[in-house]
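When a residue number appears, it is its place in the shown sequence, counting from 1.
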Amino acid sequence: MRLLFRVDPIPGESPRGYLCRAAHEHGYSGPLALAEIAGLPRSGLERDDTAEQIAHVLRLEPEEWRTLCYRHINGRTRFNQRLFCGQRISSDDLNYRCPRVCPLCLKECATWWAVWDLGLVTTCPIHRCRLLNRCPACKKGLVWQRPAVHKCRCGLDFRTVTPDATTDDLVAINAVIYRAAGLSPSADAELDVADTGFPREMFELRLGALLRLILFVGAIREKDGLRRKQRPFSATDLFVATEIDRAAVAILRDWPKPLREVLRHMLPPGSVHPAALNFSEIFGNFYRHLFRVLPRSEFGFLHDVFERFVIEDWPGLIRGQHRYFSAAVRRNSPWVAAGEAERIARTGGGKILDSVHEGRLEALFVTVRRRGCRTECWIRRESLNRWITARDAELARYMSRREARGALGLTISTIVRVAAAGAIRYVEGPEQNFPNGCFFFLRDDVMKIKQAFERHGCPPMEYSKPGEIITLRHAIKNYLGRDSAFVAVIRAVIDGSLVPVGYTKRFRGITGYLFRTEDLRKYRPVAEVRVRPETFLNFREAAFVLGVRSNIVRGLVAQGLLGVAAGYRNGLAKLIAEKEVQLFADAYVSTSVLARRFRLNSGSLARHLKESGTPLLAIPNPDVERGHAFFLRKDVAVQIKLPSRRILREEAQSRMKADRKKKWAEYRQARESAEGKPMRRVRMKHR
């Protein structure tokens, strides 16, 4: 069976109000008649599994009826969440048993609005009057199974009733709920909302979050306050809902002063020792409900106010079990544990406790009798901040290792060794309550070295490898080392007795300054020799004199043709007397030097000289297997006639042919021995 005609739903209408209105339009005594027509029990009109059957009776589409109803939301909390006008709300927010109406709204339009089904809606912000939940004639509570939306079971027409006026506070809080539900309150109600000074973030909340906020802050001023497990909200009691609205307005008005005042009254009166205050006993329930019911993602403004109160007004200790607090609370709490103080101050080794015993830090000791007995030390944060400020002021006179490295361009280990040699004054971190495991160098000494190199205004120069000039970086590696000799160079630059001749950007800091090689050799430390009568060369410089590579010089040393000077230390370059290198250069010339001079191939020239019987000095190359470097005596080089490039090319070609024939013969012999018969020669036919 179906109704005779369709009754169109009105946007924002309550599903029960629509059933009541549809029954009245068809002349039935109430909505229960629709259940009889549909063949359903009295409680089956709003069930999800009977939606299609009810929609057929009402001549509505099934989805149209489902949209009108307060449907369950699928998921783990299916029976705890409802869809109200397209928004999620809690099932406890709905008032089913004792509906409410506004007589003046019914007088304008006989419609039961869905917003009246919300348990916290107690006032009509459009007409500034209280909602009715009892009939003035029969004194009974309203029910939804009544003859019409505007009539009571006793026959009273609610449109003839004059409702009671309400206060501006209730108008304001209900106007905010109306706005979140998608309705527009009156202009006067909007003015009341503006005058209350509600938090700006409150108007951005969705309906479900707004109702949770009002219920939470409205319960703070209860006689027994918030409980560990809060009693469920009685949505049917109009008086309780009105008191919650009033209490919520009192907390949210002129935000955030009232909430701070309420939290301040929770503290015990008088001055109490910080160790005697228990945060869980005083704010435990508020803290628990705030962080579990009202998450920070939606109610960050409420969390910020509570945390600001804890930072500024809570005189006790905040231990680590308060995990819901943000890092800002721990960074700004009035008391901080000794271990946390060491982390903040970046120190260790008991320096904080030593300062406490010396009286430089204000602290208190608390005996904790939980899982044993232990004593905790808590530092007042103001005292710790003053201590850190004084320490940092002293630290400002010094420069960290990283800063010194950036200023001088030296490695950290080199700077430490230069400081140990006396060129830079320094302190170790733990000695001056500075961070652990670090050296700190006096800033004036570091900048004095840097400015001494920069004051000469050296021009930039092209530089590839040491020669007549050398960078300080290469000098440290080859001559000076990182100890007393390098310190002597630094002091010579500071007093002006040693002046750089240029600068290259190839190396950073002072290591990129160029000096004359003969000037820096004077500072080379030699064991057991105080005054050096002769000059020494490293392998690279000796190779430059001979016109060969440095690995060939190592081969000459290995053959005993050149000798290394005494006094070699690990980490520094080996040196050869310059006079010895010059004597060898006067007696011999490398075949590679002759080849470069006459534009010949060095390998072909060496083979030609060997095959012609010219005496050569062969030096094994340490870096190449079967490789040799060849030297020719200069008196022999003057008498022989060097071949031309054509002759060397022809000799190379003939040598290559001979090598190919030899390899082919070896291959043929190996093949015949493996197969046991001679190879057959294949003749190629040419067209």
H150 and K107: CA distance, side-chain angles, deciding distance, side chain to side chain contact (heavy atoms under 4.5 Å, CB included) verdict: CA-CA 8 Å; H150 56 278; K107 191 174 183 179; over 6 Å; no
Euclidean distance, M202 CE relative to L213 CG, rounded to 0.5 Å: 6.0 Å
Parallel, tilted or perpendicular: ring planes of F203 versus F198, cut at 30 and 60 degrees: tilted
Worked check of side chain to side chain contact (heavy atoms under 4.5 Å, CB included) between Q81 and H72: CA-CA 6 Å; Q81 298 286 320; H72 294 286; over 6 Å; no
Atom of L361, atom of L384 and distance for their closest heavy-atom approach: CD2-CA, 3.8 Å
Salt bridge (Lys or Arg N to Asp or Glu O under 4.0 Å) between E261 and K257, worked out: CA-CA 6 Å; E261 191 65 26; K257 294 180 180 178; over 6 Å; no
Parallel, tilted or perpendicular: rings of F84 and Y70 (30°, 60°): tilted
Distance-minimising heavy-atom pair for P258 and A250: CB-O, 3.2 Å
Validation row: L290, F299 side chains within 4.5 angstrom (heavy atoms): no
Check: S14/D117 side-chain N/O donor and acceptor closer than 3.5 Å: yes
Trace of the side chain to side chain contact (heavy atoms under 4.5 Å, CB included) decision for Y178 with V115: CA-CA 7 Å; Y178 266 56; V115 71; 3.6 Å; yes
Derivation and outcome, side chain to side chain contact (heavy atoms under 4.5 Å, CB included), residues I379 and W387: CA-CA 11 Å; I379 315 296; W387 186 83; over 6 Å; no
Test item: K140 and C135 side chains (from C-beta on) under 4.5 Å apart, heavy atoms: no
Smallest separation among heavy atoms of R16 and W144, with atom names: NH1-CD1, 3.4 Å
Set of residues satisfying side chain to side chain contact (heavy atoms under 4.5 Å, CB included) with respect to I177, sequence neighbours excluded: L118, L120, V121, L207, L210, L211, I214
Side chain proximity check, F291 to H303, heavy atoms < 4.5 angstrom: yes
Pairwise salt bridge (charged side-chain N to carboxylate O under 4.0 Å, His left out) hits with a residue in residues 141-170, at least two apart: R128-D168, D157-R159, D169-R253
Side chains of H24 and V149 in contact at under 4.5 Å (non-hydrogen atoms): no
Side-chain donor/acceptor of Q53 to backbone N/O of A38, under 3.5 Å: yes
Residues, nucleotides or ligands: over 12 heavy atoms within 6.0 Å of R97 CZ: no
Rounded distance [0.5 Å steps], CG in L19 versus CD1 in I54: 7.5 Å
Validation row: P136, L156 side chains within 4.5 angstrom (heavy atoms): yes
Donor-acceptor pair, side chain of D192 and main chain of D195, under 3.5 angstrom: no
Nearest heavy-atom neighbours spanning P334 and V310: CD-O, 4.4 Å
Side-chain donor or acceptor of Y18 paired with backbone N/O of V7 under 3.5 Å: yes
pair I10-W113: side-chain heavy atoms closer than 4.5 Å: yes
Point-to-point distance, once rounded to the nearest 0.5 Å, from SG of C20 to CD of Q145: 9.0 Å
Atom CD of E382: over 12 foreign heavy atoms under 6.0 Å: no
Separation of L104 CG from I126 CD1 (nearest 0.5 Å): 10.5 Å
Aromatic ring pairing F286/F216, orientation class (parallel under 30°, perpendicular over 60°, tilted between): tilted
Over-ring placement of R100 relative to W116, 6.0 Å and 45° cut-offs: no
R6 atom CZ: more than 12 heavy-atom contacts under 6.0 Å: yes
Short side-chain donor-acceptor distance under 3.5 Å, W378 and E376: yes
Q87 versus A180, closest heavy-atom pair with distance: NE2-O, 2.8 Å
Spacing of CD1 belonging to I220 relative to CG belonging to L263, to within rounding of 0.5 Å: 7.0 Å
Residues E63 and R71 bridged, charged N to O under 4.0 Å: yes
Residues T122, D245; criterion side chain to side chain donor-acceptor pair (under 3.5 Å); working and verdict: CA-CA 8 Å; T122 61; D245 287 348; 3.1 Å; yes
Aromatic ring pairing F309/F306, orientation class (parallel under 30°, perpendicular over 60°, tilted between): parallel
Non-hydrogen atoms of L34 and L3 that approach each other most closely: CD2-CD2, 3.8 Å
Electrostatic pair R296:E307 at N-O distance under 4.0 angstrom: yes
Under 3.5 Å donor-acceptor, D93 side chain and S90 backbone: yes
T166 OG1 to N174 CG distance, which is reported to the nearest 0.5 Å: 7.5 Å
Note, C152 side chain near C138 side chain (heavy atom, < 4.5 Å): yes
Salt bridge flag under 4.0 Å for residues E298 and R212: yes
Close side-chain approach of R260 to E312, heavy-atom, < 4.5 Å: yes
F5 atom CZ, neighbour heavy-atom count above 12 within 6.0 Å: yes
Presence of salt bridge, E25 and R21, under 4.0 angstrom: no
Side chain to side chain donor-acceptor pair (under 3.5 Å) against E201, all qualifying residues, sequence neighbours excluded: none
